[in-house]
Number of protein chains: 2
Amino acid sequence: MAQLGELERSIMDALWASENPLSATELQEYLEERARETSGKQLAVTTVLTVLSRLEHKSLVVRDRTVRPHLYRASSSQADHTAELMHEILGSSTDRGEVLARFLGSVSPEEAAALRGLLDQTRDSGRSA
Amino acid sequence: MAQLGELERSIMDALWASENPLSATELQEYLEERARETSGKQLAVTTVLTVLSRLEHKSLVVRDRTVRPHLYRASSSQADHTAELMHEILGSSTDRGEVLARFLGSVSPEEAAALRGLLDQTRDSGRSA
DNA sequence: TCGTTCTTCTACGGAGTGTAGAACAAATTG
DNA sequence: CAATTTGTTCTACACTCCGTAGAAGAACGA
């Protein structure tokens with residue numbers, strides 16, 4: 001699934017942060033805000049549109065073409081997407097157990113606690129396939 | 001840190017799988033073996049060397065220049081590297097807890113069990129910084 | 001020193017990404 | 001309906017990364 005570029009990532013972040021689907025122009029404005037402190041540079045709308053198309057193509061973004069302007073939303077939540085990525089990475093390894101061990105070693109105590117809680121909740125819900 | 005290309009990945013896999021550091025030529029042969037079933041195609045040694053240099057530049061590979069031929073080894077274990085990657089991905093998210101929840105939801109029962117065990121072991125060894 | 005072995009330099013083509021103008025389509029309004 | 005505004009698609013270019021490797025240079029054994 002490959003890693004996203006910087007602008008792609010910003011746009012996904014914007015979509016993930018937003019409750020409602022956004023138009024290209026709204027995104028453009030949003031991005032300008034975000035960038036104001038950094039390299040405050042206004043992007044062309046076409047730039048945003050191009051990237052949105054690419055993200056749509058990668059199935060990360062869903063576009064509503066029935067309205068004008070078109071509205072865009074992330075096809076899955078950031079958490080889902082991120083978890084999926086992590087899983088992919090984990091799967092690319094030959095020794096999952098070892099990876100998980102190292103992974104836990106670098107996790108904060110709070111997160112470790114959270115994980116324990118989650119594992120207890122999940123304990124009985126055996127996966128089907 | 002970005003994702004590795006296919007050949008880069010193969011080379012890292014080879015280095016990770018090997019006990020000892022390897023020379024470019026050894027790697028070349030190793031890769032030919034691996035590829036025999038697939039697209040059995042012999043790479044030029046220079047190709048391997050180029051990629052090794054790039055990997056060295058990315059600090060994934062360490063090269064011993066005191067011997068001839070130079071010997072190459074992975075700078076960290078596959079497990080470490082993978083865990084680090086996972087951590088990076090996790091860190092890129094705004095809601096780690098949620099991500100971990102989703103992540104656990106897609107983990108096999110065996111892995112869940114392993115995680116429980118690991119968490120118990122790690123319980124007391126609080127991290128310093 | 002001569003050849004062999006190994007490494008470095010240089011280079012090219014293809015893919016992915018940031019960037020956006022030009023051209024085209026739809027909606028709004030006079 | 002015609003003109004203007006708003007929005008979308010097409011096309012394109014530059015830059016970086018990666019796979020690939022030849023040519024040229026360096027080191028070592030005979």
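Note that the coordinates shown come from a computational prediction; the quantities given were computed from them, not determined experimentally. Numbers restart at 1 for each chain; the letters A, B, ... are given by sequence-line order, proteins then strands.
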Whole-Å distance separating the [atom1] atom of [X] from the [atom2] atom of [N]:
X	N	atom1	atom2	result
B:Leu71	C:dT7	CG	P	9 Å
B:Leu52	D:dG19	CG	C1'	13 Å
A:Arg68	D:dT9	CZ	C1'	10 Å
A:Leu49	C:dA22	CG	P	17 Å
B:His70	C:dT7	NE2	P	5 Å
A:Gln28	C:dG18	CD	P	16 Å
B:Leu4	D:dT16	CG	P	20 Å
A:Arg9	C:dG16	CZ	C1'	18 Å

So, A:Ser18 side chain and A:Leu15 main chain: donor-acceptor pair closer than 3.5 Å or not? no
Taking only side-chain N and O atoms of A:Arg65, does any of them lie within less than 4.0 angstrom of OP1 or OP2 on D:dT9? yes
Tell me whether the side-chain N/O atoms of A:Thr47 come closer than 4.0 Å to OP1 or OP2 in C:dG18. no
Nucleotide nearest [X] when distance is taken to its side chain, options [options]:
X	options	value
B:Thr25	D:dT20, D:dT9, C:dC6	C:dC6
B:Lys41	C:dT17, D:dA21, D:dG7	D:dA21
B:Leu43	D:dG19, D:dT20, C:dT19	D:dT20
A:Thr46	D:dG19, C:dA22, D:dA23	C:dA22

Can you find a side-chain donor-acceptor pair between B:Arg96 and A:Thr82 that sits under 3.5 Å? no
Can B:Asp95 and B:Ser93 be counted as having a side-chain donor-acceptor contact under 3.5 angstrom? no
Atom CG in A:Leu104, atom NE2 in B:His87: separation rounded to 0.5 Å? 9.0 Å
Nearest nucleotide by nearest heavy atom, which residue falls closer to the 5' end of DNA chain D, A:Tyr72 or B:Val48? A:Tyr72
Can you find a donor-acceptor pair, distance only, under 3.5 Å between A:Arg54 side chain and C:dG18 base? yes
With heavy atoms under 4.0 Å as the rule, sort A:Ser53 into base, sugar-phosphate or nothing. nothing
Give the C-alpha distance, both sets of side-chain angles, the deciding distance and a yes or no for side chain to side chain contact (heavy atoms under 4.5 Å, CB included) between A:Val51 and A:Val61. CA-CA 10 Å; A:Val51 173; A:Val61 156; over 6 Å; no
